[in-house]
Peer 1: 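To start, I am sharing the structure in question, which I have written as C-alpha cells.
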2 protein chains.
Amino acid sequence: MAATIKDVARACGVHVSTVSRTFSAPHLVNPATRSRVLAAADDLGYRPNRAARALTTGRTYNMGLIVADIANPFFPPLIKAAQAQARGRDYHVFVADTDEDPRVEEELIRTLTKQVDGVLLCSPRLSNRMIERLAEDVPFVVVNRRIKGMPAVLMNVAQGAKLALEHLAGLGHHRIALVSGPIGSWTSNEMQGVAAEAPGLDLVFFGPNQPTEAGGLAVAPDVAACGATAVLAYNDLVALGVIEGLAAMEIGVPDQISVVGFDDILPGRLNRPKLTTVAMPTVAAGRMAVDLLLQSGGEGATVTLDTALIVRESTGRAQ
Amino acid sequence: MAATIKDVARACGVHVSTVSRTFSAPHLVNPATRSRVLAAADDLGYRPNRAARALTTGRTYNMGLIVADIANPFFPPLIKAAQAQARGRDYHVFVADTDEDPRVEEELIRTLTKQVDGVLLCSPRLSNRMIERLAEDVPFVVVNRRIKGMPAVLMNVAQGAKLALEHLAGLGHHRIALVSGPIGSWTSNEMQGVAAEAPGLDLVFFGPNQPTEAGGLAVAPDVAACGATAVLAYNDLVALGVIEGLAAMEIGVPDQISVVGFDDILPGRLNRPKLTTVAMPTVAAGRMAVDLLLQSGGEGATVTLDTALIVRESTGRAQ
DNA sequence: CTGAAAGCGCTAACAC
DNA sequence: GTGTTAGCGCTTTCAG
C-alpha cells in the first residue's frame with residue numbers, strides 16, 4: 001500500500017539511490033530528473049520512511065518528553081509549546097507521563113532511548129546519579145532541575161518570589177505566611193532561599209504540604225491563626241485551596257488576607273477573586289528545551305527564564 | 001555506544017538469530033543458552049531497537065494521538081489515560097496538537113503514518129472524506145465523531161443533557177437557556193437533539209458561541225434578559241464565563257439562576273460556587289480508544305460511553 | 001550526475 | 001535448537 005522508494009524508482013526509471021538523493025540531497029541531482037522523481041513521488045503519495053532512514057543516518061527526528069503528570073495544569077502549556085516547536089523543526093514527540101514514579105520514569109527512558117534523538121525531562125523524580133547514567137545513552141535536557149554539565153531550562157523562581165514579596169510589602173503587609181510544597185522540590189528550595197534574605201519582613205513558614213488544592217485547604221486554619229495578613233503559596237493549586245479554606249472560615253480574600261500563587265494556571269484565572277500569581281514561563285520553557293536539545297553543540301548550556309508577577313484580584317492593601 | 005544484537009551475539013558466542021529469538025520467541029530457544037544470552041544482554045544493557053524491528057515485522061509499537069488543543073483542559077485527562085493504557089500494552093505514543101487547523105492535522109497524520117500502527121483522532125477538524133482517505137494508509141480510531149465503518153469512541157452527550165435537564169426540572173426550573181458552542185460540533189448537535197424533545201420545558205436557544213470563558217461571558221446579558229432561571233452550557237468553560245458575566249450584573253448563582261456545565265474540568269471543581277456539571281468520560285475514552293485500536297479485528301466497532309451528572313453548588317431551586 | 005553495492009539492526013523462513 | 005540467508009526501506013560510499 002504505502003509507496004516505498006522502490007516504487008518511485010521504478011515509476012520513473014531511475015535507481016533508488018537517485019530517488020533517495022532527491023529527498024536528502026536535492027542539489028546533487030539533475031534538475032530534470034529531480035522533477036521527474038518528485039512528480040512520481042507525489043503521484044504515488046510517497047513519503048520517506050523516517051524509521052528506515054534513521055537506521056542508516058542515526059537521526060530519528062523524534063524526541064521524548066517526560067513529565068510527572070500530564071493532567072497537572074502546569075504541564076499542558078509546556079507540552080503544547082514543546083510539541084509545536086518540535087514540529088517546526090520537523091520532529092515528532094513522544095509524550096509520556098510517569099505518574100510521579102521514578103521507576104516508571106527510568107523504564108520509559110530506557111525503552112525510548114533508541115527511538116529518539118533526545119529526551120526532555122520535566123521536573124524529573126529520578127536521582128541525579130541515575131539521570132547521569134542514563135545520559136550516557138541519550139542526550140537530555142532537564143527542565144527545572146540543575147545537574148552539573150547537563151543542558152537545563154530553569155525558571156527563575158527566586159526572582160518571582162522576590163517580586164511577589166515586594167508587591168506584598170508595597171501593599172503594607174509585614175507578616176507573611178510562606179506555604180511551601182513538598183520537600184526538596186525545586187520551587188520550594190528557591191522560595192526558601194529568597195525568604196531567608198527577605199527585606200525586613202516577618203515570614204512564617206508552613207510546610208511541607210501537598211502541592212494540591214487539598215494541601216492548601218489543610219493549612220488554611222494554621223495560616224489564619226498565625227496572624228499573617230498575606231500568604232505566598234507554593235503554587236496556584238495550593239493558593240486556591242488556601243482561599244477556599246479561608247472562605248470556609250469567613251475570612252475574605254483580599255479584604256482580610258491577601259494571597260499570591262505561583263504558575264499562572266487556568267483555574268487561577270477563572271477563580272473569583274482572580275488569583276494574583278507569579279507566572280511561570282512554561283511556554284518559553286517548552287520551546288527553549290526543544291531548541292537546547294536540537295542545537296547539539298549546546299554542551300551543558302543552562303538557560304534561566306524570567307518569571308513575571310501578574311497582579312489580579314487576590315491581593316490588596318493590608319488592614 | 002548502545003549495544004546491538006551483534007554485540008550480544010559475540011559476547012556469548014551464538015548467532016544473532018539466536019539472540020533475536022531469545023527476545024521475540026523465547027520458547028524456541030534452549031533454556032541454557034537463553035539464560036546465557038539474557039545475562040550477556042543485561043550485562044551490556046542491550047535493548048532491541050524497536051524501529052529496526054518494525055522494519056521487518058511491520059509493527060512499530062507506536063501510536064499517534066492527535067488533539068485539537070493540548071492546553072484545553074478537556075484533553076489532558078484523556079491524553080494521560082491513553083498514554084498510560086498504551087504503556088501497559090508496550091506502546092509509545094506520539095502526541096500532537098493541531099492548533100485546531102485541519103491542514104496541520106492532515107500533514108501530521110501523513111508524516112506519522114509510516115511510524116505508527118494507528119492513530120487516535122480526538123475531535124478531529126478534518127472532513128469525513130479526508131479522514132476516510134487517510135484511513136487507507138493507517139488505522140484510525142476517532143473520538144467524539146461518527147464516521148461510517150470507522151471504530152469510534154463516543155461520549156453519550158444526549159444522555160448527559162437529559163440528566164441535566166431532569167435535574168433542573170426537578171428543582172422547579174421551566175425556562176432554561178441552552179447556551180451552545182460552535183456550529184457543527186458533536187456536543188452541540190447532540191444537545192440540540194435532546195432539546196428538541198424536551199419534556200415540556202421552555203428552552204431558549206443561544207448560539208453559536210465560542211467554546212470558551214469569553215463565549216460565556218458574552219452571552220450572559222442575553223441569558224439574563226431572556227427570563228430563564230437556569231442555563232445548560234456547552235461546556236464548563238462557557239458555564240464559568242456565564243457565571244462570571246452574571247456576577248458582573250449582580251445576579252447570584254445559584255440563588256437567582258442555576259448553571260450546569262459539561263465536561264467536569266478542573267477549573268469547575270475549584271470554582272466558587274463549585275460547578276454542577278455533566279462529567280465526560282474522558283479517562284475511559286482515552287483507555288478505550290487505545291484498546292479499540294489495538295484489537296485490530298475491531299472493524300468499525302463503536303463504543304458509547306455514559307456520562308454522569310455531578311451535582312455541586314451552581315444549581316439550586318428555582319425562585 | 002547516476003548506478004551498483006554494502007550495510008544500518010533486526011526478523012523470518014529454511015536448512016542442518 | 002541453532003546457524004544461514006535474505007531482506008525490510010533507506011542512505012552512503014565508490015565507480016563510472
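We name chains A, B, ... by the order of the sequence lines, and we start the count at 1 in each one. On a predicted model such as this, the values are computed, not experimentally measured, just so you know. Below, all heavy atoms of this structure are taken into account, side chains as well, without hydrogens, waters or symmetry copies.
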Peer 1: For Thr56(A), check side chain to side chain contact (heavy atoms under 4.5 Å, CB included) against everything at least two apart and list the hits.
Peer 2: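 Residues passing side chain to side chain contact (heavy atoms under 4.5 Å, CB included) with Thr56(A): none at all.
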
Peer 1: Report the residues that fulfil side-chain hydrogen bond (donor to acceptor under 3.5 Å, both in side chains) with Thr111(B), sequence neighbours left out, ordered by chain and then residue number.
Peer 2: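 If we apply the side-chain hydrogen bond (donor to acceptor under 3.5 Å, both in side chains) test to Thr111(B), skipping adjacent residues, the hits are His92(A).
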
Peer 1: Please give, in whole Å, the distance from dC8(D) P to Ile5(A) CD1?
Peer 2: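 The answer, rounded to whole Å, is 13 Å.
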
Peer 1: Kindly write out the residues that satisfy salt bridge (Lys or Arg N to Asp or Glu O under 4.0 Å) with Arg89(B), not counting sequence neighbours, or none if the list is empty.
Peer 2: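 For Arg89(B), the residues satisfying salt bridge (Lys or Arg N to Asp or Glu O under 4.0 Å) (neighbours in sequence not counted) are Asp291(B).
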
Peer 1: When you measure from the side chain of Arg145(A) to the backbone N and O of Leu154(A), does any donor-acceptor pair fall under 3.5 Å?
Peer 2: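 No, the answer is negative, given that no donor and acceptor are paired below the 3.5 Å cut-off.
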
Peer 1: Quick check on the helix from dC1(C)-dG16(D) to dC16(C)-dG1(D): what's the angle between its two end axes, five base pairs per end, to the nearest 10°?
Peer 2: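 Here the local axes at opposite ends form an angle of 40°.
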
Peer 1: Starting from the 5' end of DNA chain C, give me the residue, Pro31(A) or Arg50(B), whose nearest nucleotide shows up first.
Peer 2: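 Mapping each residue to its closest nucleotide by heavy atoms, the 5'-most match is Pro31(A).
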
Peer 1: Can you give me every donor-acceptor pair (side chain of residues 61-70 of chain B, partner residue at least two apart or in another chain, under 3.5 Å) with its distance?
Peer 2:
| from | atom 1 | to | atom 2 | distance (Å) |
| --- | --- | --- | --- | --- |
| Asn62(B) | ND2 | Gln115(A) | OE1 | 3.1 |
| Asp69(B) | OD1 | Lys80(A) | NZ | 2.7 |
| Asp69(B) | OD1 | Ala71(B) | N | 3.0 |

Peer 1: For dC10(D), take OP1 and OP2 only and decide whether either is under 4.0 Å from a side-chain N or O of Ser24(A).
Peer 2: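 Ser24(A) to dC10(D) OP1/OP2: no side-chain N or O under 4.0 Å.
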
Peer 1: Residues two or more places apart in sequence or in another chain: which of them pass side-chain hydrogen bond (donor to acceptor under 3.5 Å, both in side chains) with Asn30(A)?
Peer 2: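 Residues passing side-chain hydrogen bond (donor to acceptor under 3.5 Å, both in side chains) with Asn30(A): none at all.
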
Peer 1: Going by heavy atoms closer than 4.0 Å, what residues in residues 34-47 of chain B are next to DNA chain C?
Peer 2: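 Tyr46(B), Arg47(B), in order of number.
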
Peer 1: Please work out if Ser20(B) contacts a base, only the sugar-phosphate, or nothing of the nucleic acid, heavy-atom cut-off 4.0 Å.
Peer 2: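 Contact class for Ser20(B): base.
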
Peer 1: Under 3.5 Å, side chain of Asp117(B) to main-chain N/O of Thr60(B), donor-acceptor pair present?
Peer 2: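 A pair under 3.5 Å: yes.
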
Peer 1: Would you kindly give the CZ-to-P distance between Phe23(A) and dT12(D), to the nearest whole Å?
Peer 2: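 Taking CZ of Phe23(A) and P of dT12(D), I get 15 Å after rounding.
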
Peer 1: From NZ of Lys114(B) over to P of dC8(D), roughly how many Å is that when rounded to an integer?
Peer 2: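 Going from NZ in Lys114(B) over to P in dC8(D) covers 14 Å.
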
Peer 1: Work out which heavy atom in Pro73(B) is nearest to a heavy atom in Leu266(A); give both atom names and the distance.
Peer 2: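 For Pro73(B) versus Leu266(A), the nearest heavy atoms are CG-CD2, 3.7 Å.
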
Peer 1: Send over the distance from Leu28(B) CG to dT11(C) C1', rounded to a whole Å.
Peer 2: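 Spelled out: CG on Leu28(B) to C1' on dT11(C) is 12 Å.
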
Peer 1: Taking only residues two or more places apart in sequence, or in another chain, which ones meet Arg110(A) in a salt bridge (Lys or Arg N to Asp or Glu O under 4.0 Å)?
Peer 2: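 Residues passing salt bridge (Lys or Arg N to Asp or Glu O under 4.0 Å) with Arg110(A): Glu106(A).
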
Peer 1: Show me the protein contacts with nucleotides 5-8 of chain C, counting only N or O atoms at under 3.5 Å.
Peer 2:
| from | atom 1 | to | atom 2 | distance (Å) |
| --- | --- | --- | --- | --- |
| dC8(C) | OP2 | Lys6(B) | NZ | 3.4 |

Peer 1: Arg21(A) has an atom CZ; how far is it from atom P of dG3(C), in whole Å?
Peer 2: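 Arg21(A) atom CZ is separated from dG3(C) atom P by 8 Å.
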
Peer 1: With sequence neighbours left out, write down each residue that passes salt bridge (Lys or Arg N to Asp or Glu O under 4.0 Å) with Arg47(A), or none if nothing qualifies.
Peer 2: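 Arg47(A): salt bridge (Lys or Arg N to Asp or Glu O under 4.0 Å) contacts with Glu107(B).
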
Peer 1: Please tabulate, for side-chain N and O atoms in residues 35-42 of chain B, each donor-acceptor pair with protein atoms closer than 3.5 Å (sequence neighbours left out).
Peer 2:
| from | atom 1 | to | atom 2 | distance (Å) |
| --- | --- | --- | --- | --- |
| Ser35(B) | OG | Pro31(B) | O | 3.2 |
| Ser35(B) | OG | Ala32(B) | O | 2.9 |
| Arg36(B) | NH1 | Cys12(B) | O | 3.1 |

Peer 1: Just call it for Val19(B): base, sugar-phosphate, or nothing, with non-hydrogen atoms closer than 4.0 Å on any strand.
Peer 2: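 It contacts nothing in the nucleic acid.
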
Peer 1: If I take atom CG in residue Asn49(A) and atom C1' in nucleotide dC8(D), what distance separates them, rounded to the nearest angstrom?
Peer 2: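 Taking CG of Asn49(A) and C1' of dC8(D), I get 9 Å after rounding.
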
Peer 1: dG9(C) P sits how many Å from Arg53(A) CZ, rounded?
Peer 2: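 My rounded result for the distance is 18 Å.
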
Peer 1: Expressed in angstrom and rounded to an integer, what is the separation of Arg10(A) atom CZ from dC10(D) atom P?
Peer 2: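 Whole-Å distance recorded here is 12 Å.
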
Peer 1: Check whether any side-chain N or O of Thr57(A) sits under 4.0 Å from OP1 or OP2 of dT11(D), and answer yes or no.
Peer 2: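 Thr57(A) to dT11(D) OP1/OP2: no side-chain N or O under 4.0 Å.
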
Peer 1: Going by atom type alone, with no hydrogens or angles, which donor-acceptor pairs under 3.5 Å involve a side-chain atom of residues 13-29 of chain B and a protein atom two or more places apart or on another chain?
Peer 2:
| from | atom 1 | to | atom 2 | distance (Å) |
| --- | --- | --- | --- | --- |
| Thr22(B) | OG1 | Thr18(B) | O | 2.7 |
| Ser24(B) | OG | Ser20(B) | O | 2.8 |

